Colleague: 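Can you read through this structure? Questions will come right after.
In this text, all values refer to a predicted model and were calculated from it rather than measured experimentally.
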Amino acid sequence: MTGAERREQLLDIGRTLFAERGYEGTSVEEIAAKAGVSKPVVYEHFGGKEGLYAVVVDREMRQLLDMVTGALTAGHPRELLEQAAFALLDYIETFTDGFRILVRDSPVAQSTGTFASLISDIATQVEDILGLEFKARGFDPKLAPLYAQALVGMVALTGQWWVDTRKPKKAEVAAHLVNLAWHGLGNLEARPRLIGHRKN
C-alpha cells in the first residue's frame with residue numbers, strides 16, 4: 001500500500017470509529033489494529049488521534065458545505081429553500097457517519113470546525129439570497145442574517161432528528177420544512193410585534 005493509500009485507509013477507519021464511538025471512545029490502538037498497522041504509522045500520518053479527527057471533520061464540513069452551496073442554483077426563493085433542505089437531507093442520507101461526527105461535541109473542535117460554525121457558514125450563503133428578497137419586498141435587508149440563521153438552524157436541527165428516525169421519507173420532510181418556513185415567510189410582518197406582557 002502506498003503512503004497515500006494508507007492515509008486514506010486510516011481516514012476511512014477513523015471516520016467509521018468516530019461516528020460509532022465519538023472522539024473519546026476511539027483510540028489510536030483501535031484505529032491501528034483495524035488498519036493492520038502499528039500505532040506509530042497513525043502518528044506518522046496524522047500526529048495522533050487529534051490530527052486524524054481534525055482531517056475527518058474538515059473533509060465532512062467541506063462536503064456538506066459544497067453540497068448545500070452547489071444546490072443553491074437559481075429559481076424562485078421557495079425553490080431555493082427546497083434545494084437547501086434537500087441538500088442537507090441528501091448529505092445526511094449519503095454521509096450518515098460524517099453527519100454524526102459533525103453534530104457530536106468534541107474536545108478538539110474550536111470556534112471553527114464545529115457544526116455550529118458550519119451552520120453559520122451555510123447561513124451566510126442563504127443571507128445574501130434573503131437580503132435581496134427582503135429588499136424587493138420592502139423589508140429591512142439588515143435583518144437577513146437573523147432570518148438566515150433561523151432558517152438554516154431549523155433545517156439542521158430537523159436533520160439531527162431525522163438522521164435516526166428516517167421517517168417520514170426525505171421528500172416529505174423537505175416539504176414540511178419548506179411549508180413551515182415559506183408560509184411563515186410568506187406572511188411575514190414588516191414590523192413584527194409581541195402580543196404578550198413581556199416587552200424586553
Side-chain angles (χ1 to χ4, degrees), residues 7-23 26 52-106 108-109 112-133 144-186:
R7 181 178 170 82
E8 288 305 312
Q9 178 201 31
L10 292 169
L11 282 166
D12 288 343
I13 290 168
R15 183 178 181 270
T16 300
L17 292 173
F18 291 136
E20 287 174 9
R21 298 188 179 98
Y23 178 80
T26 302
L52 174 61
Y53 185 84
V55 173
V56 168
V57 167
D58 182 61
R59 281 186 171 192
E60 292 303 324
M61 289 180 65
R62 276 188 283 125
Q63 178 68 46
L64 176 54
L65 192 56
D66 288 350
M67 286 178 76
V68 172
T69 55
L72 298 175
T73 53
H76 188 274
R78 181 173 174 157
E79 192 175 357
L80 288 169
L81 192 56
E82 287 176 15
Q83 292 165 357
F86 264 117
L88 179 63
L89 295 171
D90 285 342
Y91 173 79
I92 292 168
E93 187 173 64
T94 307
F95 301 98
T96 303
D97 281 354
F99 185 73
R100 288 186 196 284
I101 291 167
L102 290 178
V103 298
R104 195 185 295 264
D105 289 332
S106 165
V108 177
T112 61
T114 64
F115 188 61
S117 71
L118 177 66
I119 293 305
S120 186
D121 289 346
I122 294 169
T124 299
Q125 304 284 330
V126 173
E127 185 180 310
D128 296 334
I129 297 164
L130 280 180
L132 293 172
E133 194 61 28
L146 184 151
Y147 283 93
Q149 291 288 335
L151 282 170
V152 172
M154 176 183 74
V155 174
L157 285 174
T158 302
Q160 282 183 270
W161 165 79
W162 188 73
V163 73
D164 292 319
T165 64
R166 300 294 171 114
K167 290 178 185 172
K169 291 182 179 178
K170 180 172 54 175
E172 192 175 345
V173 173
H176 283 286
L177 282 167
V178 172
N179 182 40
L180 175 62
W182 186 255
H183 289 289
L185 289 173

Colleague: Taking all heavy atoms of Gly98 and all of Arg15, pick out the closest pair and write down the distance.
Modeller: N-NH2, 3.4 Å
Colleague: Kindly determine whether Val55 and Arg7 satisfy side chain to side chain contact (heavy atoms under 4.5 Å, CB included), including the steps that lead there.
Modeller: CA-CA 11 Å; Val55 173; Arg7 181 178 170 82; 4.0 Å; yes
Colleague: Is any side-chain heavy atom of Glu8 less than 4.5 Å from a side-chain heavy atom of Leu11?
Modeller: yes
Colleague: Does some side-chain heavy atom of Ile92 sit less than 4.5 Å from a side-chain heavy atom of Arg166?
Modeller: yes
Colleague: A side-chain contact here means heavy atoms from C-beta on lying under 4.5 Å apart; do Arg78 and His183 qualify?
Modeller: yes
Colleague: Are any of the side-chain heavy atoms of Arg59 and Phe95 separated by less than 4.5 Å?
Modeller: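 No, side chains not in contact.
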Colleague: Show the nearest heavy-atom pair for residues Leu130 and Ala148, with the distance to one decimal.
Modeller: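 Scanning both residues, the minimum pair turns out to be CD1-N, 3.5 Å.
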Colleague: Does a side-chain heavy-atom distance below 4.5 Å link Leu151 with Glu127?
Modeller: no
Colleague: Is there a side-chain contact between Glu20 and Thr16, using heavy atoms and a 4.5 Å cut-off?
Modeller: yes
Colleague: First locate atom CD1 of Ile13, then atom OG1 of Thr26, and finally report the distance between them rounded to the nearest 0.5 Å.
Modeller: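 Answer rounded to 0.5 Å: 12.0 Å.
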Colleague: Specify the closest pair of heavy atoms between Asp66 and Thr69, including all atoms of both residues, with the distance to one decimal.
Modeller: O-OG1, 3.5 Å
Colleague: What heavy-atom pair brings Phe86 and Ala171 nearest, and what distance separates the two atoms?
Modeller: CZ-CA, 3.7 Å
Colleague: Flag the pair Asp90 / Lys170 as yes when at least one side-chain heavy-atom distance between them is below 4.5 Å, and no otherwise.
Modeller: yes
Colleague: Any donor and acceptor pair, going by atom type alone, linking the side chain of Trp162 with main-chain N or O of Lys169 inside 3.5 Å?
Modeller: no
Colleague: Just verifying a value: how many Å separate Asp58 CG and Tyr53 OH, rounded to the nearest 0.5 Å?
Modeller: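 Going from CG on Asp58 over to OH on Tyr53, the span is 12.0 Å.
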Colleague: If the threshold is 4.0 Å, N to carboxylate O, is there a salt bridge linking Arg62 and Asp121?
Modeller: no
Colleague: State, to 0.1 Å, how close Ala156 and Leu88 come at their nearest heavy-atom pair, and which atoms those are.
Modeller: CA-CD2, 3.6 Å
Colleague: Answer whether the closest heavy-atom distance between the side chains of Phe18 and Leu52 falls below 4.5 Å.
Modeller: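 Yes - at least one pair of side-chain heavy atoms lies under 4.5 Å apart.
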Colleague: After noting the C-alpha distance and the side-chain angles of Phe99 and Gln160, does the key distance pass the side chain to side chain contact (heavy atoms under 4.5 Å, CB included) rule?
Modeller: CA-CA 8 Å; Phe99 185 73; Gln160 282 183 270; 3.8 Å; yes
Colleague: I need the Trp182 CH2 to His76 NE2 distance, nearest 0.5 Å.
Modeller: 4.5 Å
Colleague: So which atom in Gln83 and which in Ala71 form the shortest heavy-atom distance, rounded to 0.1 Å?
Modeller: OE1-O, 2.8 Å
